[in-house]
Amino acid sequence: MAAMNMIQSINSALDVMLARDPKVLIFGEDVGYFGGVFRATDKLQEKHGLKRCFDAPISEGGIIATAIGMGAYGLRPVPEIQFADYILPAFDQLVSEAARLRYRSGGEFWAPITVRSPYGGGIFGGQTHSQSPEAIFAHITGLKTVIPSNPYDAKGLLIASIECNDPVIFLEPKRLYNGPFDGRHDQEVKSWAGHEHAEVPEGHYTVPLGKAAVVREGEAATVLAYGTMVHVALAGIEDSGIDAELIDLRSIVPLDIDTIIESVKKTGRCVILHEASRYGGFGGELSALVQERCFYWLEAPVERVAGWDTPYPHAFEWDYFPGPKRLVNALNKVMQD
Amino acid sequence: MSNRAKLSLYVPEPNARPGEQPSFDHLEIPAAGAVRCPDIGAPEHELRDLPYTLIRVLDEQDAAVGPWNPKLSTDRMIKGLRAMMLTRAFDDRLFRAHRQGKTSFYMKSTGEEAIGAAQSLALDQGDMSFPTYRVLSWLMARDYPLTDLVNQIFNNAKDPLQGRQLPILYSARDYGFYSLSGNVGSRFGHAVGWAMASAYSEDDKIALAYIGEGTTAEGDFHEALTFASVYHAPVVLCVTNNQWAISSFAGIAGAEETTFAAKAIGYGIPGLRVDGNDFLAVWAATQWAAERARSNRGATLIELFTYRAEGHSTSDDPTKYRPADEASTWPLGDPVERLKRHLIATGVWDEEKHASLASELDIAVRAAVKEAEKIGTLGKSKPPIEQMFEDVFEEHDWRLVEQLREVRD
Ligand SMILES: Cc1ncc(C[n+]2csc(CCOP(=O)(O)OP(=O)(O)O)c2C)c(N)n1
Ligand SMILES: [Mg+2]
């Protein structure tokens with residue numbers, strides 16, 4: 001075991017997989033000699049060689065297209081897209097190609113690629129370094145979408161993603177790279193040091209895709225969250241004084257529906273928290289699933305707390321970012337009904 | 001496996017990394033004045049030598065020489081010099097403001113100031129540029145109010161973009177400066193569409209677009225060239241080749257195999273390769289391409305060969321991936337120095353005038369920062385909260401009405 005922040009644990013996952021499997025290779029903008037703008041691939045080129053971890057041209061469509069070709073050949077590419085906001089130029093490759101290659105070729109070809117990308121706000125990154133695009137991937141059948149919330153999960157989920165034969169979008173909450181940010185932006189920045197999930201095994205292990213974690217047990221209401229919002233939810237639950245259960249989904253496709261249903265049937269109340277815009281966000285799907293499967297157990301309508309339906313506005317970072325206070329309001333609301 | 005030779009994967013690498021001796025010896029740099037200047041009516045197939053050379057006007061003795069010399073008036077050159085110096089003074093001051101916590105982000109264009117300054121002055125009012133984040137000198141050459149720039153950078157109550165954009169991603173329609181976005185490359189095709197619209201409307205305006213050499217890898221670049229070629233769009237398409245794209249050297253964008261100007265050949269449009277640190281050469285090439293566009297002869301691709309003398313942005317430390325002294329070995333010098341020396345050599349300028357202009361500009365920048373600080377720096381002052389919801393649509397729909405109400409509570 002070693003104490004790691006989330007960047008270090010992601011770096012460790014990549015390091016372990018490069019050493020274990022010669023079919024694994026990494027490429028992306030600035031990931032080679034420099035080691036990535038967030039340092040996730042630091043020293044990997046030096047350690048494993050130029051052709052295992054190298055710089056790519058600034059062409060997200062090209063990066064994903066070539067990764068798919070490599071994957072179809074039999075390699076396990078782990079391309080990095082520098083910011084999740086810049087996945088969009090590669091969208092057609094992901095939707096029309098990666099997601100459907102196995103299906104349309106009757107199983108002759110498939111694309112075992114893991115697309116790593118930092119996402120989310122809270123860093124004053126403005127409109128194009130802050131977005132949370134997970135719902136648009138969840139909508140595409142054939143793609144898996146994984147979102148860790150701590151260093152231990154990040155490494156285990158990333159290794160599981162790389163070993164998975166389906167295409168995986170691996171979204172890294174960049175505001176969590178260096179510490180467990182809980183949305184209290186006016187307080188001192190916390191680091192991962194001493195956090196129970198920052199103790200990370202140095203070798204190989206996996207955290208299975210599609211298995212949620214119950215972060216906090218409770219009886220009064222269920223809070224569903226992932227990524228940075230897991231920490232915001234903990235803070236909001238604490239502030240509310242309500243005995244809520246908190247579930248960290250860890251992956252939204254595959255989704256651990258059983259854990260969600262079990263919890264909502266127990267509590268009878270549900271609040272969904274995500275950073276992405278509300279309308280058409282993944283909260284809509286979660287809300288529908290809960291309603292379809294737990295209708296007779298529900299004591300109150302399902303509440304959603306999310307980013308507003310605007311682009312991510314630089315000056316209004318903390319007005320946009322759904323912080324603990326908004327969760328408290330939503331929890332109070334479901335408890336009143 | 002057959003007994004054929006094994007393949008191997010090639011990955012380009014720059015010739016020097018930190019701790020190694022930087023060298024630009026591999027560059028072929030023709031003497032100033034050496035490259036021919038064809039008639040603007042020349043057909044593309046007679047121009048195919050131009051993408052492989054380098055158009056230069058200012059020589060080693062600081063004289064303006066050769067067929068590309070635009071023979072500018074002293075006034076115009078001093079205006080250009082002023083815009084470049086103002087850009088540099090502003091960059092230095094605002095970079096420091098970031099270090100002092102007054103804003104979240106900043107990017108400099110040090111070493112590349114000649115490009116925006118010359119092109120802004122060479123084009124007409126009413127023409128539209130589609131900038132990158134590294135052509136602040138375009139706005140400086142057109143006297144955009146300094147305080148408004150700082151207000152945008154501070155995202156304060158007087159920010160002309162209402163706090164919605166990352167610092168320096170300006171928009172200034174009246175100054176021929178199209179809205180910037182954080183995504184690189186995505187406006188290159190807009191310039192072509194704008195130019196096609198001007199032609200469709202039988203107007204006389206043209207467009208000019210910028211893209212970094214690294215970003216030529218995006219599909220946007222190739223799509224724009226295709227449309228520009230097919231429809232003979234009246235547009236000047238510029239690649240600012242500053243040798244680096246964050247930590248990736250130009251070889252990662254294909255520079256080991258050919259020049260960026262030569263990409264034009266495949267699309268059947270003229271390609272010019274120009275010393276981007278030579279104000280007069282940039283002016284002349286731009287004027288040539290602009291006249292060609294205005295006379296309905298279509299698009300030109302210009303590679304502006306330059307060097308990013310400092311880090312990519314406030315988030316970057318270039319000594320991590322290139323030799324710390326690489327900038328000082330760049331063989332094409334500094335654009336401000338070169339124009340200054342030319343003006344001195346022609347007898348219209350001197351060190352004293354230069355120093356007094358520098359201090360005048362420094363005072364202007366300080367005053368603008370002070371004025372903006374009075375309104376507030378990032379987080380200390382911001383536009384009214386309604387501005388978060390304005391302009392999503394022309395008129396709010398019910399979601400935004402409800403959400404504004406909720407955010408106010
Ligand atoms: C679509 C997209 N991909 C990636 C990025 C991240 N990024 C910002 S600037 C940059 C480098 C651009 O290099 P270049 O085009 O050479 O322009 P320069 O910064 O040198 O002026 C990258 C990769 C981005 N902003 N947009
Ligand atoms: Mg560049």
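Chain letters run A, B, ... following the sequence lines, proteins first and then strands; every chain starts at 1. On a predicted model such as this, the values are computed, not experimentally measured, just so you know.
By the neighbour-count criterion of 12 heavy atoms within 6.0 Å, atom NZ of B:Lys158 is sparsely surrounded, having that number or fewer from other residues, nucleotides or ligands. Residue-environment remark: NE2 (A:His185) exceeds the threshold of 12 foreign heavy atoms within 6.0 Å. A 6.0 Å sphere centred on CZ of B:Phe227 holds no more than 12 heavy atoms belonging to other residues, nucleotides or ligands. When the shell of 6.0 Å around CD of B:Gln100 is examined, it contains more than 12 heavy atoms from other residues, nucleotides or ligands.
A donor-acceptor pair is defined here as one N or O able to donate and one able to accept, closer than 3.5 Å; such a pair exists between the side chain of A:Asp30 and the backbone of B:Ser247.
Within the 4.5 Å cutoff, no side-chain heavy atoms of A:Trp308 are placed close to those of B:Arg399. For the pair A:Phe124 and B:Leu378, the minimum side-chain heavy-atom distance is below 4.5 Å. No side-chain heavy atom of A:Ser59 sits less than 4.5 Å from a side-chain heavy atom of B:Phe221. A:Asp309 is listed as a side-chain neighbour of B:Leu400, based on a closest heavy-atom distance under 4.5 Å. Here the side chains of B:Glu406 and A:Arg326 are in contact, with some heavy-atom distance below 4.5 Å. At a threshold of 4.5 Å between non-hydrogen side-chain atoms, the residues A:His129 and B:Leu166 count as touching. By the 4.5 Å heavy-atom criterion applied to side chains, A:Pro311 and B:Arg164 are not counted as neighbours. Within the 4.5 Å cutoff, the side chain of A:Val37 has no heavy atoms near those of the B:Ser315 side chain.
Put simply, of B:Lys382, B:Gln165, B:Arg17, B:Lys320, the one with the most heavy-atom pairs under 4.5 Å next to chain A is B:Arg17. Your options are B:Pro383, B:Gly182, B:Pro167, and the one with the most heavy-atom pairs under 4.5 Å with chain A is B:Gly182. Comparing B:Ile385, B:Leu404, B:Val184, B:Asp409 by how many heavy-atom pairs each has under 4.5 Å with chain A, the most go to B:Ile385. Of the listed residues (A:Phe27, A:Tyr86, A:Phe83, A:Trp318), the one with the most heavy-atom contacts under 4.5 Å to chain B is A:Tyr86.
Between atom CD of residue B:Gln162 and atom CZ of residue A:Phe316 there is a gap of 8.5 Å, rounded to the nearest 0.5 Å. The line from CG of B:Leu169 to CD of A:Gln127 is 8.5 Å long, rounded to the nearest 0.5 Å.
Contacts with chain A (heavy atom to heavy atom, under 4.5 Å) involve these residues of residues 7-15 of chain B, listed by number: B:Leu9, B:Val11, B:Glu13.
With a 4.5 Å cut-off on non-hydrogen atoms, A:Glu317 does not touch chain B at all. Neither the backbone nor the side chain of B:Pro318 comes within contact range of chain A; no heavy atoms are under 4.5 Å apart. B:Asp391 does not touch chain A: none of its heavy atoms, backbone or side chain, sits under 4.5 Å away.
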B:Ser248 vs A:Glu29, test: side chain to side chain contact (heavy atoms under 4.5 Å, CB included). Steps then yes/no.
CA-CA 8 Å; B:Ser248 299; A:Glu29 295 158 20; 5.9 Å; no
Should A:Gln82 and B:Ile246 be marked as a side chain to side chain contact (heavy atoms under 4.5 Å, CB included) after you check the CA-CA gap, both sets of side-chain angles, and the distance that decides it?
CA-CA 11 Å; A:Gln82 198 164 83; B:Ile246 311 185; 3.6 Å; yes
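Of all non-hydrogen atoms in B:Met388 and A:Tyr320, the two that sit nearest each other are SD-CB, 4.1 Å. Between A:Ile58 and B:Ala245 the shortest heavy-atom distance is CD1-CB, 3.7 Å.
Checked against a 6.0 Å centroid threshold, the rings of A:Phe34 and B:Tyr321 count as neighbours.
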